[in-house]
Structure formats: C-alpha cells, structure tokens
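Data first, discussion second: the structure below is written as structure tokens.
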Amino acid sequence: MKQIISWTLRNIPRKYLQLVSHFAMKTYAVFLRGNKVECTVCGSTFSKFVPYGRLEPRDNALCPNCLALERHRLMYLYLQQKTNFFKANLKVLHVAPEYCFIDRFEKMKNLDYITADIESPLAKVKMDLHNIPFDDNTFDVVFCNHVLEHVDDDIRCMQEMRRVLKPNGWGIMQSPQDWKLATTFEDKTITDPKERERLFKQDDHFRIFGRDYDKRLEQGGWHVTQDRFVMEMPQQLVEKYALPKEEIIYLCEKK
C-alpha cells in the first residue's frame, strides 16, 4: 500500500488527485473498520488511518473518509479549542483549500468563506498568492497551509496575506520544516526535479524551512506566537487522533 501511495503522489498531478482520490479512499475505508483511531474533523473511527507521503509514506496518516491528514486533525482541534473560528462572524480567505475542510467551512453560517488557489480545481477563485486580487483590510482570517514552500517569493506572499487582512486579524500558515536546519535552505539554481525532491522533499518545492520559520513570518510583517498545543495534550489523545507530535502551530496576527 505504501508503495502504491508513494508512486501515485509522485506521478499524478495534485489537481487530478483532488478530484478523484476521495472516491477511492471511501471504498478502501470498508477494510479499516474499527475504533482505535478517530478523525477530529469528520468524527469517523477506524482500526487505523491510511499511510501517506511521497518519499517515505507515514503510517496512520490519512483519514479515508474526509482525507484529513495529521496536520489537518491538529488544526481543527486548535480552531475549536483556542480560537473564535466557530463562534464569531468572520470573513475567511482559504488559500489552497484542503478537501476535508471545504464543505464543512462553507456550511458554517458564521463564516463568509472564500477559497482561492492558482490551480486547484477545488478553489472558487483563481489567484496568484504573490498578487492577491482583494483590497486591503478585507478578511478577518487567512489559512495558507503547505503552500509557502511552493511559491517563488515566500516573504512577498506573507506580506500580501497580511495586506488583505483587517487589523487584529489572524492567520494560520503551516509549512513543512526540517528541525535539523537552523535556517531555511533555498537555492533557485537547482532545477533538476530529482535533486529538488532530494533536497526539498518534493520536486515542486522551492525551499525547505528550518527552525527560523517564525523569523521568516515576522519578515512578512506578522506578529507570531508559537503554540505547542499538541505537546501539551494528553498522550492518549495524541495517539487516538494520530496527531503530529512535534508540530508547532504558528499563530500569525496583524498588529
């Protein structure tokens, strides 16, 4: 199974996977009946989650019902327990929207919810993150997860998202990090897909963020709080929800 998933993710464009993968996963879910793990997003339980990852698929990662990964299950819990996302009236910009969130957020009556991306068939607005086509101070919240490693100029994109956010607005912008790196590594002269994949974990990545990710967000104008939410949770819940044990949530605020 791991080999099939790895090959699929590396060889089939993401925009096509976004359209059909949920059908295949719902079929596969029949073989994972059980209650050892639970998805915080859709509430489904299974004997285990599906492996997921391009180079080295992670065990117990993908919910076959809603396609939530570890980071999505963590973010959903964080939004529920530590933000006003489910209660306040908010105008939300969701960049590169994840399948597991779209329908749920669109149905929330307290949200004016807009999805945007440069190529995703799931997004309603076609948008280049370097030049966001919205006025200053338009949104209350912005989500942009696992995107900034793909863009040409991550600092410019951070600044653009801050520009369209209202004063005191907030955002969550998670990105993959290599904790062994003190500083972010990027080299735009590297164009060979295999070398990019080796160095940046995917052939469409421009960089791999290091432990200085918060500093780069600050360069984009954000006030950043590092929240070790998952590290403060009971271990039994971390295991039950199959959460990423070392992921720091970067709460970004426009102050």
Side-chain angles (χ1 to χ4, degrees), residues 9-10 13-15 18 54-55 71 75 91-98 114-226 247-255:
L9 292 174
R10 295 173 71 184
R14 185 169 179 267
K15 61 183 178 180
Q18 289 176 317
R54 290 189 177 223
L55 299 180
R71 63 179 183 267
M75 177 175 159
K91 190 175 182 68
V92 180
L93 175 63
H94 196 161
V95 181
E98 296 93 339
I114 297 174
T115 56
D117 192 72
I118 196 166
E119 67 171 22
S120 172
L122 303 180
K124 291 185 176 178
V125 176
K126 186 174 179 60
M127 182 186 84
D128 181 347
L129 194 57
H130 297 82
N131 296 285
I132 298 178
F134 293 103
D135 293 334
D136 297 0
N137 308 317
T138 297
F139 298 94
D140 299 289
V141 176
V142 61
F143 297 138
C144 181
N145 296 311
H146 283 235
V147 172
L148 293 171
E149 67 274 16
H150 292 272
V151 300
D152 182 62
D153 186 339
D154 59 319
I155 305 299
R156 166 65 184 269
C157 292
M158 295 171 191
Q159 293 170 337
E160 273 291 279
M161 286 186 282
R162 184 182 183 278
R163 177 185 65 78
V164 300
L165 212 62
K166 298 174 184 177
N168 299 315
W170 55 274
I172 295 178
M173 302 169 208
Q174 300 299 99
S175 291
Q177 288 178 264
D178 186 338
W179 292 101
K180 292 178 287 187
L181 294 176
T183 58
T184 295
F185 171 58
E186 59 182 343
D187 185 343
K188 294 179 182 177
T189 67
I190 300 170
T191 57
D192 179 70
K194 290 184 177 180
E195 187 66 1
R196 271 192 175 182
E197 186 173 69
R198 184 181 73 83
L199 293 171
F200 305 134
K201 310 305 181 184
Q202 286 186 203
D203 58 14
D204 58 350
H205 285 185
F206 283 85
R207 62 191 57 81
I208 180 73
F209 291 105
R211 297 192 301 274
D212 64 336
Y213 183 52
D214 61 320
K215 303 302 180 186
R216 292 182 78 89
L217 289 166
E218 288 172 355
Q219 287 182 54
W222 295 97
H223 178 275
V224 181
T225 300
Q226 296 188 46
E247 178 139 344
I248 294 173
I249 291 180
Y250 295 92
L251 180 65
C252 301
E253 299 173 275
K254 182 176 180 177
K255 292 188 174 181

Side chains of Asp154 and Tyr213, heavy atoms from C-beta outward: is any pair under 4.5 Å? no
Do Val164 and Val142 make a side-chain contact, defined as non-hydrogen atoms from C-beta onward lying under 4.5 Å apart? no
So, taking the atom named [atom1] in [X] and the one named [atom2] in [Y], what distance separates them when rounded to the nearest 0.5 Å?
{"X": "Leu148", "Y": "Gln174", "atom1": "CG", "atom2": "CD", "answer": "10.5 Å"}
{"X": "Asp203", "Y": "Leu199", "atom1": "CG", "atom2": "CG", "answer": "12.0 Å"}
{"X": "Tyr250", "Y": "Met173", "atom1": "OH", "atom2": "CE", "answer": "13.0 Å"}
{"X": "Asn137", "Y": "Lys254", "atom1": "CG", "atom2": "NZ", "answer": "4.0 Å"}
{"X": "Glu247", "Y": "Arg71", "atom1": "CD", "atom2": "CZ", "answer": "8.0 Å"}
{"X": "Leu181", "Y": "Arg211", "atom1": "CG", "atom2": "CZ", "answer": "7.5 Å"}

For [Y], is there any backbone N or O sitting under 3.5 Å from a side-chain donor or acceptor partner on [X]?
{"X": "Thr115", "Y": "Lys124", "value": "yes"}
{"X": "Arg207", "Y": "Asp152", "value": "yes"}
{"X": "Trp222", "Y": "Met158", "value": "yes"}
{"X": "Glu160", "Y": "Pro133", "value": "no"}
{"X": "Thr184", "Y": "Gly210", "value": "yes"}
{"X": "His130", "Y": "Asp153", "value": "yes"}

Of all heavy-atom pairs between [X] and [Y], which one has the smallest distance, and what is that distance?
{"X": "Ile172", "Y": "Asn145", "result": "O-OD1, 3.4 Å"}
{"X": "Ala96", "Y": "Val147", "result": "CB-CG2, 3.5 Å"}
{"X": "Leu217", "Y": "Cys252", "result": "CD1-SG, 3.9 Å"}
{"X": "Pro176", "Y": "Ile208", "result": "O-CD1, 4.3 Å"}
{"X": "Lys188", "Y": "Thr191", "result": "O-CG2, 4.1 Å"}
{"X": "Cys144", "Y": "Met161", "result": "CB-SD, 3.5 Å"}

Please test Val224 against Lys215 for side-chain contact (heavy atoms from CB on, under 4.5 Å), starting from the C-alpha separation and ending with a verdict. CA-CA 8 Å; Val224 181; Lys215 303 302 180 186; over 6 Å; no
Give the intermediate values and the outcome of salt bridge (Lys or Arg N to Asp or Glu O under 4.0 Å) for residues Lys91 and Asp140. CA-CA 5 Å; Lys91 190 175 182 68; Asp140 299 289; over 6 Å; no
Between the side chains of Asp212 and Thr183, does any donor sit under 3.5 Å from an acceptor? no
Parallel, tilted or perpendicular: which one describes the rings of Phe185 and Phe200, with boundaries at 30° and 60°? tilted
In this structure, which one of Lys166, Arg163, Arg162 forms a side chain to side chain donor-acceptor pair (under 3.5 Å) with Asp136? Arg163
So, Glu195 and Arg198, do they make that salt bridge, N to O below 4.0 Å? yes
Glu186/Arg216 ion pair, N-O < 4.0 Å: yes
Per side chain to side chain contact (heavy atoms under 4.5 Å, CB included), Met127 is matched among Ile114, Ile118, Ile132 by Ile132
Walk me through it: do Gln202 and Arg196 pass the test side-chain contact (heavy atoms from CB on, under 4.5 Å)? CA-CA 6 Å; Gln202 286 186 203; Arg196 271 192 175 182; over 6 Å; no
Can you establish whether the number of heavy atoms outside Lys126 located under 6.0 Å from its atom NZ is more than 12? yes
Between Val95 and Phe143, does the side-chain contact (heavy atoms from CB on, under 4.5 Å) criterion hold? Intermediate values first, please. CA-CA 6 Å; Val95 181; Phe143 297 138; over 6 Å; no
